Amino acid sequence: METPSRTNGRLTAFGDQLVQVHNWLRKELALLHDDLGSVAEGRAERLRDLRAHCLTFCSALTRHHTGEDGGAFLVLADKFPELRPSLEELAHDHGVMTGIIERLEELVAGVGPGSSQGEILDVQRELDGLTAIMETHFRYEEKRIVEVLNSLDVPEWREAKPSFLLKSH
């Protein structure tokens with residue numbers, strides 16, 4: 001059963017909206033990789049873009065995961081108790097990603113025009129780690145919960161989009 005919500009005049013289910021948010025976060029992460037590549041190539045003028053983009057992306061990803069842990073996962077655990085082990089695993093991933101995000105923000109803040117290749121490589125390693133865990137996490141989450149999210153009717157989520165379904169630019 002698909003329970004729709006209105007978005008721009010068309011009907012969209014909550015699980016489908018989750019996939020849209022994941023796709024947006026994937027795109028933003030790819031742009032962050034591009035920004036880092038530009039800085040690594042010596043285009044210091046892109047440093048401001050890298051820092052701003054990193055803060056924006058990291059904030060959006062954190063808001064998404066916090067919204068899942070404090071909202072969506074609680075609803076799903078209540079209505080679908082058989083999902084609790086999967087939800088706990090997904091919440092654990094959120095904690096791992098939070099640690100990577102914190103290290104990434106620190107490293108990006110320390111990158112400057114005189115940064116060594118080693119410092120830039122440190123940022124690249126953290127970004128690559130975040131990319132790997134995020135992609136695995138998103139695929140698993142989409143496999144496990146999109147269908148059940150699509151079956152939900154949560155009036156509060158229709159009236160005001162919950163934070164795990166928000167995108168920002």
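Since the model is a prediction, treat every value here as computed from it, not as a measurement.
- Summarising the geometry, atom CG belonging to Leu130 is positioned 10.0 Å from atom OG1 belonging to Thr98; distances are rounded to the nearest 0.5 Å.
- Annotation: side-chain contact (heavy atoms from CB on, under 4.5 Å) contacts of Arg125 (sequence neighbours excluded): Leu121, Asp122.
- Heavy atoms only, all atoms of each residue included: Ser86 and Tyr140 are closest at OG-OH, 3.0 Å.
- Contact of the Ser59 side chain with the Thr62 side chain is not registered, since no non-hydrogen atoms from C-beta on lie closer than 4.5 Å.
- Closest approach of Ser151 and Val148 over heavy atoms only: OG-O, 2.7 Å.
- Hydrophobic clustering of Ile, Leu, Val, Met, Phe, Trp and Tyr side chains at less than 4.5 Å, counting indirect connections, unites Phe57 with Ile133.
- Partners of Glu159 according to the side chain to side chain donor-acceptor pair (under 3.5 Å) rule, which considers only residues two or more places apart in sequence or in another chain, do not exist here.
- Counting heavy atoms from C-beta on, the side chains of Gln124 and Asp128 come closer than 4.5 Å.
- When all heavy atoms are compared, the tightest approach of Leu104 to Cys58 is CD2-SG, 4.2 Å.
- The CD atom of Glu28 sits 10.0 Å away from the NZ atom of Lys167 when rounded to the nearest 0.5 Å.
- Counting only residues at least two apart or in different chains, salt bridge (Lys or Arg N to Asp or Glu O under 4.0 Å) contacts with residues 132-145 comprise Arg26-Glu135, Arg26-Glu142, Glu135-Arg139.
- His65 is linked by a ring pair (Phe, Tyr, Trp, His ring centres under 6.0 Å) to His94, His137, counting only residues two or more places apart in sequence or in another chain.
- Under a hydrophobic-cluster definition in which Ile, Leu, Val, Met, Phe, Trp and Tyr are linked whenever side-chain heavy atoms come within less than 4.5 Å, directly or via other members, Leu25 and Leu166 are assigned to different clusters.
- To the nearest 0.5 Å, the span separating CG on Leu32 from CG on Asp49 amounts to 11.0 Å.
- Ion pairing of Arg51 with Asp35 is absent here, as no side-chain N (NZ or NE/NH1/NH2) approaches a carboxylate O to less than 4.0 Å.
- Taking both residues in full, the closest heavy atoms of Ser163 and Gly67 are given as OG-CA, 3.1 Å, listed atom of the first, atom of the second, then distance.
- Sorted by first then second residue, the salt bridge (Lys or Arg N to Asp or Glu O under 4.0 Å) pairs that include residues 59-77, not counting sequence neighbours, number zero.
- For the atom pair Leu127 CG and Cys54 SG, the distance stands at 7.5 Å (nearest 0.5 Å).
- Residues Met134 and His22 form no side-chain contact, since every pair of their non-hydrogen atoms from C-beta on lies 4.5 Å or further apart.
- Here the closest non-hydrogen pair linking Phe138 and Leu61 is CZ-CD1, 4.1 Å.
- For the atom pair Trp157 CH2 and Phe164 CZ, the distance stands at 4.0 Å (nearest 0.5 Å).
- Both Val96 and Leu29 are assigned to one and the same hydrophobic cluster, defined by single-linkage of ILVMFWY side chains at heavy-atom distances under 4.5 Å.
- Atom-to-atom distance recorded for Ile145:CD1 and Leu18:CG is 5.5 Å, nearest 0.5 angstrom.
- At distances below 3.5 Å, at least one donor-acceptor pair connects side-chain atoms of Asn150 with backbone N or O atoms of Asp16.
- By the 4.5 Å heavy-atom criterion applied to side chains, Glu105 and Leu55 are counted as neighbours.
- Counting non-hydrogen atoms of other residues, nucleotides and ligands closer than 6.0 Å to NE2 of His92 gives a total of 12 or fewer.
- Applying the salt bridge (Lys or Arg N to Asp or Glu O under 4.0 Å) definition to pairs two or more places apart or across chains, none involves residues 76-102.
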